[in-house]
Visitor: 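Here you go, one structure.
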There are 2 protein chains.
Amino acid sequence: MSGALKDAAIRVERPTKTLRELALDKVREAIVNGYFRPGDRLVERDLCAQLGVSRTVVREVLRHLESEGLVANLPNKGPIVAQLDIEEAKQIYEIRGALEGMAARLCAERGSPEIVAALEDSLTGIRNSYRDNDMAGVLANTSSFYQTLFTMVDRHVAWGVVNLLTVRINHLRSMTIKTERRGIEGPAQMAKIVDAIRRGDGEGAQRAAMDHVAAASAIAEAVLSAQKPAE
Amino acid sequence: MSGALKDAAIRVERPTKTLRELALDKVREAIVNGYFRPGDRLVERDLCAQLGVSRTVVREVLRHLESEGLVANLPNKGPIVAQLDIEEAKQIYEIRGALEGMAARLCAERGSPEIVAALEDSLTGIRNSYRDNDMAGVLANTSSFYQTLFTMVDRHVAWGVVNLLTVRINHLRSMTIKTERRGIEGPAQMAKIVDAIRRGDGEGAQRAAMDHVAAASAIAEAVLSAQKPAE
DNA sequence: AATCGTATTATGGCGTACCAGATACTGTAG
DNA sequence: CTACAGTATCTGGTACGCCATAATACGATT
């Protein structure tokens, strides 16, 4: 074990990203940023030109995004950017609630001060970002908040699932955090989670986490249904 | 709307499975059936020959399986069949517990007799399959039991997540159901879920579902740790 | 003989060209 | 103005080739 760690420390960390991974990130970014809009067709050969890579790479990227749920494939028509159905979004929030609630409960039952400290770090990061109007910072710190929630109790698989689902609602997230009062209520709800964890109150931590997600879900639903008629 | 339905009814249901999907199913089957063992290298050109398709297709299939977690990609080495780590398996069972518990609770709160009827159908199917020693039937009926649990309350996304995770532990499942007494205890636990749903007892249904998964997890852990030294 | 450097091989990563089938568009003839 | 045929577009799929890298085998030098 310690030997393996020593090796890992010495290992020359060559950024051996394959072209495919780079392209994957680019396209995913383009989708979540809204450069490609939901319903847009993703023409393989056009993507080749825009990305400067071959069809082989583009096709693999499209397959990957398809299995992530960001891209849908119409038979004999080709891939399009997946539409985010409001029903689906609600389900994704519900699942996140279940899993984040579970993780919060586990954190509370673990009763480790490091967890509380790490969570509070992220939380002050969120507050500062809100104060500076740095929305990217809010997202990043929120993400790291949940990451510690999951990984401090070694729930990497659940964290992976949450991430997988989150990319599908990413542009929703960037809209909900801009909502009025979210800069106050969001951190307050998260502080409740941290408080319950500090008290070792598993039940309360779970409920607080689920409440927080439920609030986000409600905002997302409002945003989405307000936006729907405009399309 | 009715026009669309009529069209759908008339539509000639051509099995428009693309070659890629066929190959995907074949390889996935081969992995979960144990034809490819965990740790085996999956050499692209060999797979081309065995499947009778081109490298492009094989590569897309490998990417897909990679994002399903069935295949791992070693940098500069290539794809291998993913090893199922015991820790990961436990986490998968835990997530299933959370989601299936959620679905069971929703079913109970819905209070619809159709749900109970459908679940009992699957349950008798499981009992009959156990009686006939038809293990494939057990798996199929168990799957349909959970499918109704999720889809009758329109939780298709959660059902997708559960399916995604389940393929990774599929060979575990086929071992746990063969365990002694599982033919009695398994259906009994599931009957408890159905009972709670019939009573409209959401809390009880959730707990029963989580108990059932926990039991499966414990058996899987025993099987896996007994098997580990042999490797 | 041991070690170091080099050639070979296996394999994945990537690109290009080509064909078939489906679909959407377009222009022409009746 | 309509119907039909032809055409362009696009994906699905295949074949082939090139390059980079890792591992292994082999040979040369000290």
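Naming: A, B, ... by sequence-line order, numbering from 1 per chain.
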Visitor: Indicate, with a heavy-atom threshold strictly under 4.0 Å, whether A/R59 touches base, sugar-phosphate, or nothing.
Guide: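 Answer is base: heavy atoms of A/R59 come under 4.0 Å of a base.
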Visitor: Within less than 4.0 Å of OP1 or OP2 of C/dG15, is there a side-chain N or O belonging to A/S54?
Guide: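 For C/dG15, OP1 or OP2 has a side-chain N or O of A/S54 closer than 4.0 Å.
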Visitor: When you check the phosphate oxygens OP1 and OP2 of D/dG12, does a side-chain N or O of A/R63 lie under 4.0 Å from one of them?
Guide: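 Yes, such a contact exists.
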Visitor: Is there a donor-acceptor pair under 3.5 Å between the side chain of A/D40 and the backbone N or O of A/F36?
Guide: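 No; zero donor-acceptor contacts below 3.5 Å.
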Visitor: It should be established whether B/R20 places a side-chain nitrogen or oxygen under 4.0 Å from OP1 or OP2 of nucleotide D/dG13.
Guide: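 Indeed, a polar side-chain atom of B/R20 lies that close.
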Visitor: Is A/T56 near enough to C/dT16 that one of its side-chain N or O atoms lies under 4.0 angstrom from OP1 or OP2?
Guide: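 The answer is no; no side-chain N or O of A/T56 sits under 4.0 Å from OP1 or OP2.
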Visitor: List in chain and number order the residues that pass salt bridge (charged side-chain N to carboxylate O under 4.0 Å, His left out) with B/E66, two or more places apart in sequence or in another chain; answer none if no residue qualifies.
Guide: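 By the salt bridge (charged side-chain N to carboxylate O under 4.0 Å, His left out) rule, B/E66 matches B/R63.
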Visitor: For A/K77 and for A/V57, find the nucleotide of DNA chain C with the closest heavy atom, then tell me which residue's nucleotide is more 5'.
Guide: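 The residue closer to the strand's 5' end, by nearest nucleotide, is A/V57.
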Visitor: Rounded to whole Å, please give me the gap between CD in B/E60 and P in C/dG13.
Guide: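 Value for this atom pair: 14 Å.
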Visitor: Classify the nucleic acid contact of B/L62 as base, sugar-phosphate or nothing, counting any heavy atom under 4.0 Å across all strands shown.
Guide: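 No contact.
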Visitor: Taking it one step at a time, do B/R168 and B/E88 satisfy salt bridge (Lys or Arg N to Asp or Glu O under 4.0 Å)?
Guide: CA-CA 10 Å; B/R168 279 152 81 171; B/E88 194 182 333; 2.5 Å; yes
Visitor: Over all strands shown, is A/R41 touching base, sugar-phosphate only, or nothing at heavy-atom distances under 4.0 angstrom?
Guide: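 Sugar-phosphate: the residue A/R41, judged by heavy atoms under 4.0 Å, touches backbone atoms but no base.
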Visitor: Starting at the 5' end of DNA chain D, which residue's closest nucleotide do you reach first, A/E44 or B/V53?
Guide: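 Comparing both residues, the 5'-ward one is A/E44.
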Visitor: Might you confirm whether atom CZ of A/R37 has over 12 heavy atoms from other residues, nucleotides or ligands at distances under 6.0 Å?
Guide: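 Result for CZ/A/R37: open.
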